[in-house]
Undergrad: 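One structure is given below, represented as structure tokens, and several questions about it will come after.
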Amino acid sequence: MKKEISHKREGFSSSIGVIAAVLGSAVGLGNIWKFPYVTGANGGAAFILVYLVCVALVGLPVMLSEHLIGRRTKANAVGAFQVLQPRRPWFLVGGAGVLSAFLIMAFYTTVAGWVYAYIFKAAGGALVSAKPEDTTNVFNSLVSGVGEPLFWQILVLLVIGTIIMAGVTKGIERVTKLLMPLLFILLLIIDIRSLTLPGAGAGLAFLFKPDFSKITVSVVLAALGLAFFKLSVGMGAMITYGSYVDKNENLPHMAIKVALADTLVSLMAGIAIFPAVFALGFTPDKGPQLLFIIIPAVFNSMPFGRVFMVLFFMLTAVAATGAMLSLLEVIIAYLTEQYRWTRRKATLLTILAIGLLGSTATLSNSIFAKVTVFGKTFFDFFDFTTSNILLPVGGIFIALFVGWQWGYANVKREMSNEGKLSNDGLVRLFMFLVKFIVPIAITLVLLVGLNVIHF
Ligand code: PHE
């Protein structure tokens, strides 16, 4: 039995491979699509500052908590809690994580589908105008369709299903390791183009000159939610990936590196988009469509824009695919380990379920445009409840578990690699954060942000 489990868990091979995989989970549509539009909708620089505080004080400690739990137990999100606390209901935290994975996948595959579609639209010449009105039309006709966006969503599901079924790490690890730097370089090129457009300064001011009057509690809630979504924490993805990490890896260093690199990618995406938004005469609060109308217009105003645009959407697709693999892996690890399903059966049934649920998100701009859950379309409902409720609540419980239930001695042992690293100061700081700061901060933001308590 033991042998079977260790055989199944290939594990990541090298330090660089681990970083690539964990960063591959973190970097995704969150950076390139979500970060810019949420920043745009919430007032710019001041929001970014709040976001950075959320990443450092809340997101990072939760990420490290998950890595510690995962590596210690070598188990899926639910199994991990059962290994550490067999007789207590902590496994429900993992269960909520598996549910979150489904709900995130439901709308994530919709957007990933748009990105896949844009590769072909860019290459095929459907997106040649530098006029934002034209790129807006292209986007609207895609998302308000029925067959077309569903086709792309299904294709996305088939692609990730195939990769997951073939066994994860080798393929995707190698691919992301190569393509991540390329994404970085391309972002740099678009940054330069965007910054040199006449009138770009207003965009930079929007991004870097905070106007603190823009900060309200709902802005803080949005920043907190984005931090969780961005770092892939609060739902067990990092427990699952942590379970593949080698015992000699320096976990706190790894989490810090991943958070920094991920934030850099988000900021670069912001610099690619906002100067162009203002230069092209747009307002920044366009919502989820921001990326899909601005980026094509920017590319079409530069030489060889079409080639760059195709590459850009390909790399965005790769980033999204890497993130989706980690979301899917949460569910697959759970089903194969807890119920002993084969990887094949688990994958097929899971992508079928995600496809059914996700089609409601995809059709939120057409057939289901008028159907609302708590006043939101299916798409917005999945997005809002996961980022702004399920992941932060998951984060509270993960922090409480590590801080109060698992406790100092265990944390110290795992974080110092059984005493091999001398990082006692870091352990203490971490314990303080997970025991007090993380749970109290999230609880307050949630209660006020969701209007449960008022000032
Ligand atoms: N972090 C991913 C992104 O930014 C999304 C994600 C969330 C992935 C939760 C895994 C788990 O796109």
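Numbering of ligands and ligand atoms starts at 1, following listing order.
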Undergrad: What about the rings of F384 and F374, do their centers lie closer together than 6.0 Å?
TA: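 Distance test on ring centres: not under 6.0 Å, no.
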Undergrad: Which one of L64, I398, V93 satisfies the side-chain contact (heavy atoms from CB on, under 4.5 Å) criterion with I69?
TA: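 With I69 as partner, side-chain contact (heavy atoms from CB on, under 4.5 Å) holds for just one option, I398.
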Undergrad: Quick check for students: name every N or O atom pair between ligand 1 and the protein closer than 3.5 Å, with distances.
TA:
unit_1: ligand 1; atom_1: 1 (N); unit_2: S25; atom_2: O; d: 3.3
unit_1: ligand 1; atom_1: 1 (N); unit_2: A26; atom_2: O; d: 3.0
unit_1: ligand 1; atom_1: 1 (N); unit_2: F229; atom_2: O; d: 2.8
unit_1: ligand 1; atom_1: 1 (N); unit_2: K230; atom_2: O; d: 2.9
unit_1: ligand 1; atom_1: 1 (N); unit_2: S232; atom_2: OG; d: 2.9
unit_1: ligand 1; atom_1: 4 (O); unit_2: A26; atom_2: O; d: 3.0
unit_1: ligand 1; atom_1: 4 (O); unit_2: G30; atom_2: N; d: 3.3
unit_1: ligand 1; atom_1: 4 (O); unit_2: K230; atom_2: NZ; d: 2.5
unit_1: ligand 1; atom_1: 12 (O); unit_2: L29; atom_2: N; d: 3.2
unit_1: ligand 1; atom_1: 12 (O); unit_2: G30; atom_2: N; d: 2.9
unit_1: ligand 1; atom_1: 12 (O); unit_2: Y108; atom_2: OH; d: 2.4

Undergrad: Taking side-chain contact (heavy atoms from CB on, under 4.5 Å) as the definition, give me every residue that meets it alongside L349, ordered by chain and number, with sequence neighbours left out.
TA: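 Residues passing side-chain contact (heavy atoms from CB on, under 4.5 Å) with L349: W341, K345.
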Undergrad: Taking ring-ring contact (aromatic ring centres under 6.0 Å, His included) as the test, write out the residues that go with F313, two or more places apart.
TA: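 For F313 the ring-ring contact (aromatic ring centres under 6.0 Å, His included) partners, ignoring immediate neighbours, are Y118.
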Undergrad: Looking at residues at least two apart in the chain, or sitting in another chain, which of them share a ring-ring contact (aromatic ring centres under 6.0 Å, His included) with F107?
TA: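 ring-ring contact (aromatic ring centres under 6.0 Å, His included) check on F107 returns F379.
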Undergrad: Can you tell whether the side chains of E329 and R343 come within less than 4.0 Å, N to carboxylate O?
TA: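 Salt bridge between E329 and R343, a charged N being under 4.0 Å from a carboxylate O: yes.
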